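Inspection log for the structure reproduced underneath, given as C-alpha cells.
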Amino acid sequence: MSSVLQPVQGMSDIAAPEVRLWQRIERLAREVLARYGFEELRTPVVEFEALFTRSIGETTDVVQKEMYVFEKGGRRLALRPEGTAGVMRHAAGQGAQETDGARWFYIGPMFRSERPQAGRKRQFHQCGVECLEPPAPLVDAEILALQVDLLRAWGLGDCEVRLNTRGAGGDHARVAEGLRAALAPRAADLCEDCRRRISENVLRVLDCKNEGCRGIVAALPPVAEFMAPESRTYLERVAAHLDALRVAYRIDPLLVRGLDYYEHTVWEIASTALGAQNAVAGGGRYRMELGGRELVGVGFAIGLERVVGVLQNLGRDAALLAPLPPLVWLVGLGEEAQGRNLALMQALRAEGVACRMAPGGSMKSQMRAANKSGAAWAVIRGDDELAQGVAALKNMASGEQETLPVERLVARLSGR
Ligand code: HAM
C-alpha cells in the first residue's frame, strides 16, 4: 500500500465508535482528578533532547533506544517519551513559591520507538499526575490511592499493584554495589546488554526482558537489603497508610522501574487481562535537578491504550461508551426548502438539538443518508409545507410520521 494511505507503523488513528470510549475515559479522569485538587498542565510534545537525557537518565532504554530525536535549526529536539520531564521543566522555570505543593495532571500522546506489538505502540497516550508536595509517605500513599480510584472509575478495580522502594539518593551507590557483587558469579550467563549494564547502570539488569536474565534476576536479594534502615522504614510507612486506606498491594522486592529519576517509593500496576505487555501504569517518587533547581515529586502515568485494551478484553467497553445525542436529519425538497432547512437547523442547534442535512439530492437519497447516519428523526419539508408553515416529523425507528407547525416541532425536539 502507498505510504500516504497508512499511518506510521506503531501509530494509529482512533476513530468512532472507539474514540467515544476514550472521551468517556478522559472525562471520568478529569472528574476524579479534580476531587484530588489536580489542575491540568499542557506541555509541548517537542522538547530539547537534553531535558530527557538529564532527567530520565542517559543509560536507560527509553533514552538510549526509544527516543525520536531530530535536529532543527542546530538544536537537538525530541518527541516526548513521557510526561514527567516536561512538567518538571515547567516547574523549574517558575519560582519555588509558585510550584511548591503544585498538583498537575496531563493527558496526551507520548512517543517511543519500540518494536510494535500488541499493547506496545510508538505513539501512545498517558494520563499522568505529578505532585510537588514535600516528600512524605502519606503523600505517596494518597497518590497511589488516587491511581487506584481512577482505575476503579474506569471499571478496572481488579488490577494488581506491586510496590517497592528505590531508597534515598544516598542508598543508590550501595544498592548498585550490592547488586554488582550478587550478579558477579553469574555474569557470564547474562545477555550481552546486561553484561554491559553491570558496569554502566546495574539497575537496568533488573528489568531486562531476556528469559535467561530474568531467571538470574529472580534469585537476587531484595534491593532494600542494601539500603539504610530509614529507607526501609519509609516504605513501611507508605504500606501502613495503604493498609489503612484498604488499597491492596504486593511488595515486589526487585521492582526498580526503568527510569533513573526515582527514589523511595516505586510501583507498577498490571492487569491479567493483557498479554505480555501487561503494565497498565507505573509511578513513584523522584528527584531531578533542572536548571540549578532541585525538584522532588511523586506521580504516575497510566497507559490509555492499555486501559482501553483491558476494557475491551473484559467486555466492559460497551458500558462506558458515551451515547451520542439523538440526531435529527433535515430533508428538503427543492432549493427553497433546502435553504430554509439550513436556517431551521441552526435554530434547532441553538436549542441544543443535534442536526444534519444533505446538501441536495432526491427525497430518496436524502432519506438514505438519514438512515445511514443513524438519525432518530427526519424533518421533511417541500414547497407545500413551507407555504403552510409546517413540517413532517418522521420517527426513523417506528416509521410513524406526523405533520406539525414548525414552532411546535422545535419545542418537541428540544424537549421544551
Ligand atoms: P512508564 O512506566 O514508562 O512511566 O510508562 C507508564 C505507562 O505508559 C506504562 O505502564 C504503560 O501502560 C504505558 N506505556 C509505556 N510505553 C508504552 C508503549 N510503547 N505503548 C503503549 N503504552 C505504553 C512513565 O512514563 C513515568 N513518567 C511515570 C511517572 C510519572 N512516574 C512519576 N511520575
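Quick caveat, the model's predicted, so the values are computed rather than measured. Quick note: numbers below take in every heavy atom, side chains included, and nothing from hydrogens, waters or symmetry partners. When a ligand or atom number is given, it counts from 1 through the structure's own listing order.
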**Item:** Val280, any N or O under 3.5 Å of ligand 1 N or O
**Value:**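 Yes, there is a polar N/O contact under 3.5 Å.
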**Message:** Regarding ligand 1, does Lys121 bring an N or O atom to under 3.5 Å of one of the ligand's N or O atoms?
**Reply:**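 Looking only at distances, the answer is yes, because the N/O contact criterion of under 3.5 Å is met.
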Residues [X], [Y]: salt bridge by 4.0 Å N-O rule:
| X | Y | value |
| --- | --- | --- |
| Arg197 | Glu192 | no |
| Arg122 | Glu114 | no |
| Asp158 | Arg152 | no |

Which residue holds the protein heavy atom closest to [atom], what is that atom called, and what is the gap in Å?
| atom | answer |
| --- | --- |
| atom 1 (P) of ligand 1 | Arg257 NH2, 3.6 Å |
| atom 33 (N) of ligand 1 | Glu130 OE1, 2.9 Å |
| atom 3 (O) of ligand 1 | Arg112 NH2, 2.9 Å |
| atom 11 (C) of ligand 1 | Arg306 NH1, 3.4 Å |
| atom 14 (N) of ligand 1 | Phe124 CE1, 3.5 Å |
| atom 8 (O) of ligand 1 | Gln126 NE2, 3.2 Å |
| atom 30 (C) of ligand 1 | Thr84 OG1, 3.0 Å |

**Message:** The test is side-chain contact (heavy atoms from CB on, under 4.5 Å); show your working for Leu255 and Glu268 and say whether it passes.
**Reply:** CA-CA 8 Å; Leu255 175 74; Glu268 249 169 44; 3.9 Å; yes
Contact with ligand 1 for [X], non-hydrogen, under 4.0 angstrom:
| X | answer |
| --- | --- |
| Arg120 | yes |
| Glu268 | no |
| Leu259 | yes |
| Gly119 | yes |

**Asked** Is there a side-chain contact (heavy atoms from CB on, under 4.5 Å) between Leu290 and Arg293 once you walk through the steps?
**Response** CA-CA 5 Å; Leu290 292 175; Arg293 220 182 121 188; 5.9 Å; no
**Partners passing ring pair (Phe, Tyr, Trp, His ring centres under 6.0 Å) against Trp22 (at least two apart in sequence or in another chain)** =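 With sequence neighbours excluded, Trp22 shows a ring pair (Phe, Tyr, Trp, His ring centres under 6.0 Å) to His125, given in chain and number order.
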Quick one: which ligand 1 atoms are inside 4.0 Å of a heavy atom on [X]?
| X | result |
| --- | --- |
| Glu82 | 25 (O), 26 (C), 27 (N) |
| Tyr261 | 26 (C), 27 (N) |
| Gly299 | 30 (C), 31 (N), 32 (C), 33 (N) |

Nearest option to [atom], as decided by whichever heavy atom of [options] sits closest:
| atom | options | value |
| --- | --- | --- |
| atom 9 (C) of ligand 1 | Ala270, Ser55, Ala279 | Ala279 |
| atom 31 (N) of ligand 1 | Tyr262, Tyr286, Trp267 | Tyr262 |
| atom 10 (O) of ligand 1 | Gly303, Cys127, Gly309, Ala281 | Ala281 |

**Request:** Would you please name every residue forming a side-chain hydrogen bond (donor to acceptor under 3.5 Å, both in side chains) with Arg42, sequence neighbours left out?
**Result:**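 In terms of side-chain hydrogen bond (donor to acceptor under 3.5 Å, both in side chains), with neighbours along the sequence ignored, Arg42 is linked to Glu40.
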**Prompt:** Between the side chain of Gln366 and the main-chain N/O of Gly332, is any donor-acceptor distance below 3.5 Å?
**Reply:**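 Yes.
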**Prompt:** Is it true that a side-chain atom of Arg285 and a backbone atom of Asp140 form a donor plus acceptor pair closer than 3.5 Å?
**Reply:**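 Such a contact is absent between Arg285 side chain and Asp140 backbone.
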**Prompt:** Step by step, would you call Glu130 with Tyr106 a side-chain hydrogen bond (donor to acceptor under 3.5 Å, both in side chains)?
**Reply:** CA-CA 9 Å; Glu130 311 299 344; Tyr106 47 90; 2.7 Å; yes
**Message:** Centre-to-centre under 6.0 Å for Phe38 and Phe105, is that the case here?
**Reply:**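 No, too far apart.
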**Request:** Give the intermediate values and the outcome of side-chain contact (heavy atoms from CB on, under 4.5 Å) for residues Thr165 and Val238.
**Result:** CA-CA 10 Å; Thr165 176; Val238 175; over 6 Å; no
